[in-house]
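What follows is a set of notes on a single structure, which appears directly below.
FYI, side chains are in, hydrogens and waters are out, and symmetry mates aren't considered; it's all heavy atoms of this structure. Counting convention: from 1, in listed order, for ligands and their atoms alike.
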Amino acid sequence: MDEKNLWDIVLADLELQVSKAVFQTLLSKTSLISLKNQTATIGCQKPMLVNLIENRYTGLLKKTLDHYTKSDIKLVFTTTAVKFQESIDGPLFTLKIPNIKQQAPGFKLNPDYNFQNFAVSSTNQMAYAAATAVANAPGVSYNPLFIYGGVGVGKTHLMQAIGHAIIEKNPLAKIIYCTGEEFTNEIIEAISNKTTGNFKKKYRQVDLLMIDDIQFIAGKYSIQEEFFHTFNAIHQVKKQIILISDRPPEEINKLEERLRSRFEQGLTIDIGPPDFELRTAILLIKAKQRGVDLPIEVAKLLSANVDNTRKLEGVFIRILSESKTRNIPIDLELVKNVLGKTVKTVPEKSNIVPQQVINAVASFYNLKLSQLKGNKRDKYLSLPRQVLYYLLRVEIGVPLVNIGEFLGGRDHTTVLHGVRKISSLLSTDIKLREDIVGIKNRFLG
Ligand code: ADP
Ligand code: MG
């Protein structure tokens, strides 16, 4: 196969892997200039596209090219100097352009952190909805979008998914993704090199600014000052800003008041710790990405035993390597061996009886069972009761009528009203969402 044919096939494959816009604007305009000594030189029509394609699509191009050549190929990008091609006979004239630094360090988004690979459940559905809204209408719906939550809950993944989605629609969008720490270092460097002008220019002309772990700038007053101006400049021209933090703006110590109020100007949303179902779903996604056929009961057993996504990935990788080196199947036996002696069994919803849910709700709210089940209409009892209806109906699937009967003959419309009330509160009430996860953990174990 000659180079032209090979590239035609690679392009045809790429067309299926990226959006139409990305293909037409960027990838269709590339060519394979040469392929020798395991190095492919890829030509891009315009100098400005060289960096963009290299930054964003090296991984994808390499994977696809490796697939068809069955080897491990290094990629080099250059621009094809179209002007000269027409007048010069002979080999294609290529010009290596200097590395134009368009993107912040660490721009490269993780290709796996996209929306397709993001599992949604009650703990992250609000954040997911906000993220898709921002991806569909950047700069319009929520600006800034401020996402906060603990370690490993999927903040970075979700933010990068927005970045991918925006690039897919507008391949030439200028995007900066960096951490609060990188942002800080860049300012310090710009000040010491007297290049603050470049810094300003770079940050203020973006279409999307994503800063991860923004809490890092707290307590650093000159950095906050610079960030304040950057923020305003971007916000004023209606370009999108997304910020991530480990805690809500009001809990970031030593954050200047004016920044805090800017952060709260758009939408502030949390992602809670993943529940058992979500952890299982995440694990299945990770396995699929690695091309591993992970039996669902194995995924469940792992998720039941490890409650942090990062650790979960770590344990999963250990299991993979055990299975490979010892040449044994990935099964429950292996998982039990790796996890050690105290393996928790998988919570099965079908095994949960309503009494367990009632006990969990009662103990969570410090109530007696008789108070929950009884008919007293005290105000402090109404929310716990509604939560109980909600959990019985939505989480373990008890029919409305049975819930009513089980709780001492309540009308099923009362139960339905309670379930609806909680469902709607859940979309705005962060505290309630956390409470529900807390209660679920009590009966799911
Ligand atoms: P955070 O930034 O909140 O600390 P990350 O985004 O780095 O967390 O997520 C940790 C790991 O868990 C990543 O591999 C990520 O892909 C995965 N992960 C977290 N939440 C989800 C989810 N809802 N769907 C799929 N993967 C997830
Ligand atoms: Mg993160």
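Note: Phe146 and Tyr148 have tilted aromatic rings, judged against thresholds of 30 and 60 degrees for the angle between ring planes.
Not a single heavy atom of Gly149 lies less than 4.0 angstrom from ligand 1. For Met159, the heavy-atom gap to ligand 1 stays at 4.0 angstrom or more. At least one heavy atom of Gly150 sits closer than 4.0 Å to an atom of ligand 1.
Among all non-hydrogen protein atoms, the one lying nearest atom 13 (C) of ligand 1 is Tyr113 OH, 3.5 Å. From the protein, the heavy atom lying nearest to atom 26 (N) of ligand 1 is Ile282 CG2, 3.6 Å. Among all non-hydrogen protein atoms, the one lying nearest atom 7 (O) of ligand 1 is Arg310 NH2, 3.2 Å. Looking only at protein heavy atoms, the nearest one to atom 25 (C) of ligand 1 is Asn117 O, 3.1 Å. Remark: minimum distance from atom 6 (O) of ligand 1 to any protein heavy atom is reached at His157 N, 2.9 Å. Looking at atom 2 (O) of ligand 1, its nearest protein heavy atom turns out to be Thr156 OG1, 2.8 Å.
Close approach to Glu313 involves these atoms of ligand 1, each under 4.0 Å from a residue heavy atom: 11 (C), 13 (C), 14 (O). Taking every non-hydrogen atom of Lys286 and a distance limit under 4.0 Å, the qualifying atoms of ligand 1 come out as 13 (C), 14 (O), 15 (C), 16 (O), 17 (C). In summary, the atoms of ligand 1 found under 4.0 Å from a heavy atom of Thr309, numbered by their order in the structure, are 12 (O). Listed by number with element, the atoms of ligand 1 under 4.0 Å from a non-hydrogen atom of Asn124 are 23 (N). Shown in contact with Val151 at under 4.0 Å from a heavy atom are these atoms of ligand 1, numbered in order with element: 4 (O).
Counted by atom type alone, Asn337 and Glu333 present zero donor-acceptor pairs between their side chains at under 3.5 Å. Donor-acceptor pairing under 3.5 Å is lacking for the side chains of Ser122 and Arg433. No hydrogens or angles considered: nothing links the side chains of Asn185 and Glu181 as a donor-acceptor pair under 3.5 Å. A side-chain donor from one of His229 and Glu225 sits under 3.5 Å from a side-chain acceptor of the other. In this model, no donor atom of one side chain and acceptor atom of the other lie less than 3.5 Å apart for Thr179 and Asp213. Between the side chains of Asn232 and Arg262, at least one donor-acceptor pair of N or O atoms lies under 3.5 Å.
Sorted by chain and number, the protein atoms of type N, O or S within less than 2.8 Å of the Mg ion (ligand 2) are Thr156 OG1.
Heavy atoms from other residues, nucleotides or ligands lying under 6.0 Å from CZ of Arg258 number more than 12. Counting heavy atoms of neighbouring residues, nucleotides and ligands inside a 6.0 Å radius, atom CG of Asp293 does not exceed 12 of them. Counting non-hydrogen atoms of neighbouring residues, nucleotides and ligands closer than 6.0 angstrom, the NZ atom of Lys421 reaches no more than 12 such neighbours.
Taking only non-hydrogen atoms, the option from Ala127, Ala161, Pro274, Gly154 nearest to atom 9 (O) of ligand 1 is Gly154.
Below 3.5 Å of separation, one finds no N or O of Val120 facing any N or O of ligand 1. Backbone and side-chain nitrogen or oxygen atoms of Val153 are examined, and one is located within less than 3.5 angstrom of a nitrogen or oxygen of ligand 1. The shortest N or O to N or O distance between Phe118 and ligand 1 is not under 3.5 Å. The shortest N or O to N or O distance between Ala119 and ligand 1 is under 3.5 Å.
A pairwise comparison of heavy atoms in Gln160 and Asn110 identifies OE1-N, 2.8 Å as the closest pair.
Not one N or O on the side chain of Ser245 forms a donor-acceptor pair closer than 3.5 Å with the backbone of Pro248. With hydrogens and angles disregarded, no donor-acceptor distance shorter than 3.5 Å links the side chain of Asn143 to the backbone of Lys238.
The distance between the ring centers of Phe118 and His157 falls below 6.0 angstrom. In this structure, Tyr203 has its ring center under 6.0 Å from that of Phe183.
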